[in-house]
Protein chains: 2
Amino acid sequence: MRAAERTADGENAPWGEVTPEAARKLLVAAVEAFAERGYHATTTRDIAGRAGMSPAALYIHYKTKEELLHRISRIGHDRALALLTAAADGEGTAAQRLAEAVHSFVRWHAEGHTTARVVQYELDALGPEHRAEIVELRRRSTAAVRRILVDGVRDGEFDVPDVPGTTLAVLSLCIDVARWFNAAGARTPDEVGELYADLVLRMVATQK
Amino acid sequence: MRAAERTADGENAPWGEVTPEAARKLLVAAVEAFAERGYHATTTRDIAGRAGMSPAALYIHYKTKEELLHRISRIGHDRALALLTAAADGEGTAAQRLAEAVHSFVRWHAEGHTTARVVQYELDALGPEHRAEIVELRRRSTAAVRRILVDGVRDGEFDVPDVPGTTLAVLSLCIDVARWFNAAGARTPDEVGELYADLVLRMVATQK
DNA sequence: CCCGAGGGTGAGCAAGCGCTTAGATCCGCT
DNA sequence: AGCGGATCTAAGCGCTTGCTCACCCTCGGG
């Protein structure tokens with residue numbers, strides 16, 4: 001039912017790197033629970049129950065509930081950063097790279113909207129050191145998008161009066177997909193990605 | 001320090017309608033606490049403490065913690081809907097009305113980003129009946145924005161291939177301001193509103 | 001055949017939770 | 001002055017929380 005189970009693509013199977021299997025099952029259960037009810041409203045008993053284990057089993061694989069959230073957040077941010085830097089440092093015109101960045105970033109937020117919701121909205125529940133680590137990853141994501149805009153302006157492809165502000169707006173638009181996207185809705189993740197790439201290109205296009 | 005205290009404008013003083021004063025102080029304390037830590041991570045003792053009262057005082061003015069959230073959410077959504085319908089049903093071209101809608105909606109999210117954060121991100125913490133009531137208000141907000149887009153397309157002012165999708169994107173862009181806006185940041189709420197109005201007009205402009 | 005180590009459990013602890021209750025205090029009214 | 005309702009508090013009830021601990025399996029190597 002989840003995105004990872006619909007594709008055989010290893011790149012899109014997010015939790016393959018988590019071992020052993022019991023630890024992965026617990027993590028997947030935690031993602032579902034955190035996304036549905038929020039980190040603070042989720043109990044360790046709920047997570048363990050979804051994974052078909054006793055509450056105590058959680059503490060064999062994770063030191064605390066917060067460590068579980070951190071693992072989820074870290075993996076998600078790594079993936080998001082990888083998508084954006086791949087697009088930013090890829091080939092093609094700035095417009096092509098921007099479209100690719102938005103398309104893949106949005107598709108990821110839509111396909112894995114449960115995961116993305118945890119990744120994007122539960123940042124404040126992390127402890128100070130863990131949060132600082134994640135904030136640094138987000139800084140690099142922002143830098144990747146800004147790089148594309150700067151290139152486009154330099155090459156005369158884009159007309160962007162306020163590059164930092166527009167960078168923020170583009171990322172913000174994509175991130176909010178995780179809040180409203182519903183898998184049962186009318187649009188596929190790919191369709192949303194396409195629409196959003198078009199909208200963003202319009203935002204930066206030279207006015208004629 | 002909050003927006004309401006910076007302006008004498010009654011329209012922008014959000015909690016004037018809440019009486020008696022103790023009930024208002026509790027509600028303002030709840031807004032701050034919910035915005036900082038989230039609804040579920042906020043304790044009734046924390047709310048009462050911020051208001052300088054004992055935990056039991058809360059239950060003289062509100063039946064439950066959830067009722068407090070509902071009151072906040074209701075007032076916030078009423079205000080948001082008022083801003084959008086005023087712009088949608090105002091005078092001027094579709095472009096002017098869309099710019100006004102985005103400008104005022106974004107400014108509200110930035111000025112009252114604590115309030116807006118509660119209003120936009122704590123919906124799931126409401127009980128079923130309260131949530132249904134709020135969802136209806138949100139439906140009407142969406143309809144107001146769509147109305148402007150439809151008018152603009154009809155009059156040849158806008159080129160919008162996907163009106164429902166673009167409506168969603170415009171609202172989404174504005175709402176996410178509540179997540180990232182920081183009062184200590186470089187931009188004033190008004191500057192963000194201006195930038196966003198420009199970006200949205202670009203998204204719907206006829207391509208020449 | 002026994003061993004030891006790692007994955008798992010049932011029971012439960014200390015702390016904190018939302019909320020209630022009995023009673024003190026305040027204040028406008030007759 | 002004395003009453004009645006509204007407001008507020010100290011204390012605490014019953015329950016749930018994150019997490020721990022003593023113990024039990026299972027299983028590969030001597």
Can you tabulate the close N/O pairs, meaning under 3.5 Å, that link protein atoms to atoms of nucleotides 3-8 of chain C?
unit_1	atom_1	unit_2	atom_2	d
C/dG8	OP2	A/H61	NE2	2.8

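- Applying the side-chain hydrogen bond (donor to acceptor under 3.5 Å, both in side chains) test to B/R138 and every residue at least two apart in sequence or in another chain returns B/H77, B/Q120.
- In this structure, B/R97 does not pair ionically with B/D89, as no charged nitrogen and carboxylate oxygen lie closer than 4.0 Å.
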Report task. Starting at the 5' end of nucleotides 11-28 of chain D, put B wherever the base has a protein heavy atom under 4.0 Å, S where only the sugar-phosphate does, and a dash everywhere else. Result -> -B----BBBBB-------

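- B/E36 is linked by a side-chain hydrogen bond (donor to acceptor under 3.5 Å, both in side chains) to B/R50, counting only residues two or more places apart in sequence or in another chain.
- Taking the charged nitrogens against the carboxylate oxygens, B/D151 and B/R147 have no contact shorter than 4.0 Å, which rules out a salt bridge.
- For A/Y121, the side-chain hydrogen bond (donor to acceptor under 3.5 Å, both in side chains) partners at least two apart in sequence or on another chain are A/D176.
- Ion pair B/D162/A/R187 flagged as a salt bridge, since at least one NZ, NE, NH1 or NH2 atom sits closer than 4.0 Å to an Asp/Glu carboxylate oxygen.
- With sequence neighbours excluded, no residue satisfies ring-ring contact (aromatic ring centres under 6.0 Å, His included) with B/H61.
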